[in-house]
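Read through the structure below, which is laid out as structure tokens, and then see the notes.
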Amino acid sequence: QVVLVESGGGSVQAGGSVRLTCVASVNIGRDYVMAWLRQAPGQERLAVACISPDGNRQSLASVQGRFTIYRDNAKNTLYLQMNDLKPEDSDMYYCGAYKAPGAGTCDMWAGRYNYRGQGTQVTVSS
């Protein structure tokens, strides 16, 4: 069982920055693909950005140049640095993971992430 705990959300004005943090209960180093997901009530869950065990990344076009996903395998921690935030970035953000030993890439299909945290809310005001 993998437990993921997010933190770092909050309220910020447009143009501001937030860093989300996700701590995993297991050693994520070589085996787990990680991602940040977002979902609004009644809406489809989407992958915002993902990262493979060795650091290969993908992200939505709408966040490229503004959001950066990175991981510290020694600390079993995943981060999402969110800069130049816009009101449309407001949402509940979840940390996600799936086990894929030796994976050289990551999957941007949110349904792949069978482990998910409880989420942290990000609200951006204009």
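These numbers were taken from a predicted model, which means no experiment stands behind them.
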Next item on the list: Name all residues meeting the side chain to side chain donor-acceptor pair (under 3.5 Å) criterion together with S52; count only those two or more places apart in sequence or in a different chain, and write none if there are none.
Entry: D54
Next item on the list: Take W36 and C50 through the side chain to side chain contact (heavy atoms under 4.5 Å, CB included) test and state the conclusion after the steps.
Entry: CA-CA 6 Å; W36 287 98; C50 66; over 6 Å; no
Checklist line | Heavy-atom donor-acceptor pair, R66 side chain to D84 backbone, under 3.5 Å | finding: yes
Could you list the donor-acceptor pairs under 3.5 angstrom formed between side-chain atoms of residues 119-126 and any protein atom two or more places apart in sequence or on another chain?
from: T120; atom 1: OG1; to: G9; atom 2: N; distance (Å): 3.1
from: Q121; atom 1: NE2; to: D91; atom 2: O; distance (Å): 3.2

Item checked: Inter-residue atom distance N76.CG - D72.CG, 0.5 Å rounding -> 8.5 Å
Check: When you measure from the side chain of R19 to the backbone N and O of G8, does any donor-acceptor pair fall under 3.5 Å?
Finding: no
Notebook entry, point to check: Does one side chain, of S17 or N83, offer a donor that lies under 3.5 Å from an acceptor on the other?
Noted result: yes
Check: Do any N or O atoms from the side chain of N73 and from the backbone of P53 form a donor-acceptor pair under 3.5 angstrom?
Finding: yes
Checklist line | Verify same cluster id: I28, I51 (apolar side-chain graph, 4.5 Å) | finding: yes
Next item on the list: Hey, could you give me the CE/CD distance between M92 and Q118, rounded to the nearest 0.5 Å?
Entry: 9.0 Å
Margin query: Tell me if the CD atom of E88 is crowded by more than 12 foreign heavy atoms within 6.0 Å.
Written below: yes
Item checked: Heavy-atom pair with the smallest gap, counting every atom of E6 and Y94 -> OE2-CA, 3.4 Å
Item checked: Heavy-atom pair with the smallest gap, counting every atom of D107 and V33 -> N-CG1, 4.4 Å
Check: Does one hydrophobic cluster hold both M82 and V23, with members joined at side-chain heavy-atom distances below 4.5 Å?
Finding: no
Check: In Å, rounded to the nearest 0.5 Å, how long is the span from CD of Q81 to OH of Y70?
Finding: 5.5 Å
Margin query: Please say yes or no: joined through hydrophobic side-chain contacts below 4.5 Å, possibly via intermediate residues, are L37 and V63 part of one cluster?
Written below: no
Next item on the list: Might you point out which heavy atoms bring L4 and C95 nearest each other, and give the distance in Å?
Entry: CD1-O, 3.6 Å
Check: Does any non-hydrogen side-chain atom of T77 lie less than 4.5 Å from one of T21?
Finding: yes
Checklist line | Distance-minimising heavy-atom pair for L80 and A49 | finding: CD1-CB, 4.5 Å
Margin query: Looking at every non-hydrogen atom in both residues, tell me the closest pair between C106 and N56 and how far apart they are.
Written below: SG-O, 4.0 Å
Next item on the list: Taking the six-membered ring of Y98 (Phe, Tyr or Trp), confirm whether the NZ or CZ of R112 is under 6.0 Å from its centre and within 45° of its axis.
Entry: yes
Notebook entry, point to check: Would you say Y93 and V2 are hydrophobically clustered, going by side-chain heavy atoms of ILVMFWY under 4.5 Å?
Noted result: yes
Please table the atom pairs, donor to acceptor, closer than 3.5 Å between any side-chain atom in residues 40-47 and protein atoms at least two apart or in another chain.
from: R45; atom 1: NE; to: Q39; atom 2: OE1; distance (Å): 3.3
from: R45; atom 1: NH2; to: Q39; atom 2: OE1; distance (Å): 3.2

Check: Should Y79 and L20 be counted in the same cluster of Ile, Leu, Val, Met, Phe, Trp and Tyr side chains packed under 4.5 Å apart?
Finding: no
Note to self: Run D89 and F67 through side chain to side chain contact (heavy atoms under 4.5 Å, CB included) and show every step you take.
What the structure shows: CA-CA 11 Å; D89 295 322; F67 292 8; 3.7 Å; yes
Next item on the list: Check for a donor-acceptor pair, side chain of S62 on one end and backbone N or O of L60 on the other, with a separation under 3.5 Å.
Entry: no
Item checked: Minimum heavy-atom distance M108-V48, with the two atoms named -> CE-O, 3.7 Å
Notebook entry, point to check: So, R57 side chain and I69 main chain: donor-acceptor pair closer than 3.5 Å or not?
Noted result: yes
